[in-house]
Amino acid sequence: MTSNVILQSELTCPECGHKKIETMPTDACQWFYECESCRAVLKPKPGDCCVYCSYGSVPCPPVQQEGRCCS
C-alpha cells in the first residue's frame with residue numbers, strides 16, 4: 001500500500017479562530033499546542049490522539065498511514 005503522508009496541517013484555535021500552518025511530528029503525538037494569538041493551550045478532544053486530529057486541517061501521520069492514533 002502506497003500512501004503520501006501530508007506533514008503540514010493548518011491548526012485553527014477554537015478560542016479565537018487564529019490559524020497557523022505547522023509541521024506535524026512523525027514520531028509522536030502532540031498533546032498540547034499553545035495558540036500564538038490568544039495563548040490558549042489546546043488539548044485533543046475526547047477520542048482524538050492529538051491536537052492535529054482535533055483542530056488541524058489534516059490528521060496526524062499515524063492516522064493518515066494506519067487509520068489509528070499513535071498512542
Side-chain angles (χ1 to χ4, degrees):
M1 174 171 141
T2 59
S3 76
N4 294 329
V5 176
I6 299 168
L7 297 179
Q8 301 288 311
S9 184
E10 182 177 52
L11 285 171
T12 302
C13 177
E15 300 293 322
C16 72
H18 180 75
K19 297 177 185 263
K20 183 164 185 197
I21 295 175
E22 296 283 358
T23 301
M24 296 182 280
T26 58
D27 59 349
C29 288
Q30 187 166 339
W31 293 340
F32 302 101
Y33 178 83
E34 184 178 343
C35 174
E36 68 180 20
S37 179
C38 72
R39 301 293 180 218
V41 176
L42 309 185
K43 299 175 190 170
K45 293 176 185 176
D48 285 343
C49 64
C50 67
V51 295
Y52 293 104
C53 289
S54 293
Y55 307 107
S57 59
V58 177
C60 69
V63 169
Q64 289 180 57
Q65 289 179 308
E66 301 166 23
R68 62 182 176 86
C69 72
C70 46
S71 58

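The residues of the chain are indexed from 1 along the displayed sequence.
Side-chain atoms of Q64 come within 3.5 Å of backbone atoms of I6 as a donor-acceptor pair (strictly under, hydrogens ignored). Side-chain atoms of S9 come within 3.5 Å of backbone atoms of S57 as a donor-acceptor pair (strictly under, hydrogens ignored). Looking at W31, its side chain does come within 3.5 Å of a backbone N or O of C49 through a donor-acceptor pair.
Counting heavy atoms from C-beta outward, V51 and F32 have side chains that stay 4.5 Å or more apart. In this structure the side chain of S37 never reaches within 4.5 angstrom of the side chain of C13, judged on heavy atoms. You'll find the side chain of M24 stays beyond 4.5 Å of the side chain of V5, heavy atoms only. Considering only heavy atoms from C-beta on, C16 comes within 4.5 Å of C35 through its side chain.
Note that CD1 of I21 and CG of L7 are 13.0 Å apart. Values are rounded to the nearest 0.5 Å.
Pairs passing the salt bridge (charged side-chain N to carboxylate O under 4.0 Å, His left out) check and including a residue from residues 29-42, sequence neighbours excluded, read K20-E36, E34-R39. The list of side chain to side chain donor-acceptor pair (under 3.5 Å) pairs with a residue in residues 46-56, not counting sequence neighbours, reads Q30-Y52, D48-S54.
Side chains of T23 and Q8: a donor on one and an acceptor on the other come within 3.5 Å.
Both V58 and L11 are assigned to one and the same hydrophobic cluster, defined by single-linkage of ILVMFWY side chains at heavy-atom distances under 4.5 Å.
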